[in-house]
Amino acid sequence: MNKKCVVIGLLGVHLDQPRKSRDRWATWRPTVAICQQEDLIVDRFELIVEHRYSKLANQVIQDIETVSPETSVRAHPVTLKDPWDLEEVYAGLHQFSREYTFDTDAEDYLIHITTGTHVAQICLFLLTESRHLPGRLIQTSPPPGRGRSKQAEAASVQGTFQIIDLDLSRYDELAKRFRQEHDEARSILKRGIETKDESFNALIDRIEKVTLATKAPILMSGPTGAGKTQLAKLIYELKHSRRQVSGPFIEVNCATIRGEQAMSALFGHTKGAFTGANSARAGLLKSADEGMLFLDEIGELGLDEQAMLLRAIEEKEFTPVGSDQSIHSDFQLIAGTNRDLMAEVSAGKFREDLLARINLWSFRLPGLNERRADIDPNLDYELQQFTRNNGQKITISKEARKAFLDFAMDPATPWNANFRDLNAAVTRMGTLAEGGRITIDLVTEEITRLRSSWQTTDARGDDDVLTSCLDDSQIAQLDHFDRVQLAEVIRVCRQSRSLSQAGRTLFAVSRKAKAKPNDADRLRKYLQRFGLSWDELL
């Protein structure tokens with residue numbers, strides 16, 4: 001099967017513009033001329049066009065259809081405030097390469113590097129060399145007809161072309177540079193922490209790709225304290241470093257705003273819109289224009305606020321309280337939640353259309369108890385943060401470090417508040433460390449403190465956990481021992497990604513004595529004693 005020939009190129013603001021409209025067929029215009037070559041049949045032309053030159057683009061597209069009816073042309077609008085700014089141009093073309101669907105099995109791609117500014121040509125070269133644009137370069141040249149008659153020039157305005165196939169194996173340094181770029185982006189999202197958990201590292205890699213490729217909403221779920229707010233800030237930092245956002249990072253905890261206050265805080269209000277509105281307020285959505293809006297605990301928003309938010313996401317417009325005029329704001333939304341929003345939709349507490357809109361890219365952040373391999377490097381990070389925030393260098397003895405990590409990585413250690421617990425533990429030990437050194441005695445004291453706080457919290461929460469799965473009559477038939485045990489089993493199940501993982505946590509010691517442990521089956525049978533199943537707990 002013969003592959004289709006697809007050319008990707010920029011509209012030439014000067015070269016594709018004829019000197020006079022009536023002379024355009026006697027003028028060499030590279031974008032049109034490439035489709036006039038006798039020994040190059042172009043099936044499709046992907047024309048990248050700056051918004052402000054759409055009129056010229058329409059003329060060029062019509063002319064291509066005239067000289068080469070077999071060539072279809074698709075325009076791809078981009079916005080470049082400064083076409084000579086390397087970072088801006090590279091970001092725009094890189095975005096095109098990430099969004100375009102390439103089919104290298106059925107199509108051959110030629111990247112036209114004759115049009116556009118020299119900066120744009122360099123960027124196209126780099127993107128082709130790095131295989132972001134999986135094709136060969138094509139360069140066109142005007143006919144050597146200077147001094148000839150206009151009739152002779154008009155007969156050969158197609159000029160010549162040259163195809164350049166880059167030997168990528170010779171460019172190890174370039175490949176190294178792009179690997180370094182990827183590593184730097186990954187480091188930003190991980191705060192420079194050398195995490196070891198493979199599934200978490202894979203999650204960060206995927207978030208990095210999505211972050212740099214799109215401005216679509218991102219939904220981050222996970223237990224409280226898993227780091228959703230921190231990750232949202234790091235995503236913003238990464239996009240800002242690549243000049244993909246220019247506005248501020250605006251953070252809102254939706255659990256702290258209610259009713260009219262929520263409407264006013266998010267969407268703003270006019271003067272006199274309600275009692276106490278003595279002056280107009282822009283609102284946080286407007287403040288996030290050209291930047292990023294992080295709505296933590298989005299499930300706490302009321303249905304009215306959800307409806308207005310949906311419009312703001314889809315139309316980039318909303319109406320402040322008390323106003324009849326819409327306001328424009330173009331922001332990227334990141335939403336955070338520790339709730340099951342699908343269950344909230346079923347209960348009528350969350351709009352299904354809003355969930356569908358923000359759920360395009362959804363990532364679940366695991367809790368600390370699911371990332372025990374990363375407790376060691378995160379301990380170092382927390383020590384460094386304590387030193388930075390308090391101006392006093394804190395270290396931990398070898399013996400104390402081993403004792404803390406043995407406790408921290410024990411499957412029986414729940415880490416109920418996840419990284420908040422770890423941060424609090426290091427803060428307390430660092431504050432009490434005499435001479436700036438955490439000792440084994442301080443670690444022992446902190447372990448006792450953590451266990452005590454978790455037991456108190458768990459005792460208060462046991463009834464809430466059980467009532468979410470059993471009715472009052474079933475709970476009344478349970479011994480106190482079974483209540484405590486079953487509540488803990490349910491908590492572990494809800495913090496785990498699978499029945500097997502929950503079983504490994506719950507049977508961490510006894511499973512070692514079995515030649516073929518089947519943790520999932522043991523846990524399934526335990527739950528059946530109380531008429532429960534894994535699916536009912538989620």
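All heavy atoms count here, side chains included; hydrogens, waters and symmetry mates do not.
Figure legend: R371 and F200 shown as a cation-pi pair, the cationic atom lying under 6.0 angstrom from the six-membered ring centre and within 45 degrees of its axis.
Checking D63, T115, D16 one by one against T31, the side chain to side chain donor-acceptor pair (under 3.5 Å) holds for a single residue, D16.
Remark: E198 CD is loosely packed, at most 12 non-hydrogen atoms of other residues, nucleotides or ligands lying under 6.0 Å away. The number of heavy-atom neighbours closer than 6.0 Å to NE2 of H118, taken from other residues, nucleotides and ligands shown, is 12 or below.
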Assess the residue pair E297 and R339 against the criterion (salt bridge (charged side-chain N to carboxylate O under 4.0 Å, His left out)); give the C-alpha distance rounded to whole Å, side-chain angles, the decisive distance to 0.1 Å, and a yes or no. CA-CA 8 Å; E297 302 305 342; R339 294 186 177 188; 5.7 Å; no
Just do the side-chain hydrogen bond (donor to acceptor under 3.5 Å, both in side chains) check on R311 and S326 with the steps written out, would you? CA-CA 11 Å; R311 182 195 172 200; S326 294; 2.8 Å; yes
Any chance you could lay out the side-chain hydrogen bond (donor to acceptor under 3.5 Å, both in side chains) test for S329 and K286, step after step, and finish with the verdict? CA-CA 5 Å; S329 182; K286 181 59 181 176; 5.6 Å; no
Intermediate values then yes/no, side-chain hydrogen bond (donor to acceptor under 3.5 Å, both in side chains), N338 and K228: CA-CA 10 Å; N338 63 1; K228 296 186 288 292; over 6 Å; no
Under the salt bridge (charged side-chain N to carboxylate O under 4.0 Å, His left out) criterion, do R243 and D85 qualify, and how do the steps go? CA-CA 11 Å; R243 302 185 67 173; D85 186 307; 3.0 Å; yes
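What you find for C254 and L295 is that their closest heavy atoms are SG-CB, 3.9 Å.
For R74 and E46, the salt-bridge test passes: some basic side-chain N is under 4.0 Å from an acidic carboxylate O. Note on E87 versus R242: no salt bridge recorded, every NZ/NE/NH1/NH2 to OD/OE distance being 4.0 Å or above. Under a 4.0 Å N-O distance rule, the pair K215/D330 qualifies as a salt bridge. Salt-bridge formation is detected for the pair E370/R364: a Lys NZ or Arg NE/NH1/NH2 atom is positioned less than 4.0 Å from an Asp or Glu carboxylate oxygen. Ionic pairing of R372 and D197 is not present here: no N-O contact between side-chain nitrogen and carboxylate oxygen is shorter than 4.0 angstrom.
Between H94 and Y90, the ring-plane angle classifies as parallel under the 30° and 60° cut-offs. Between F318 and F267, the angle of the ring planes lies from 30° to 60°, which puts this pair in the tilted group.
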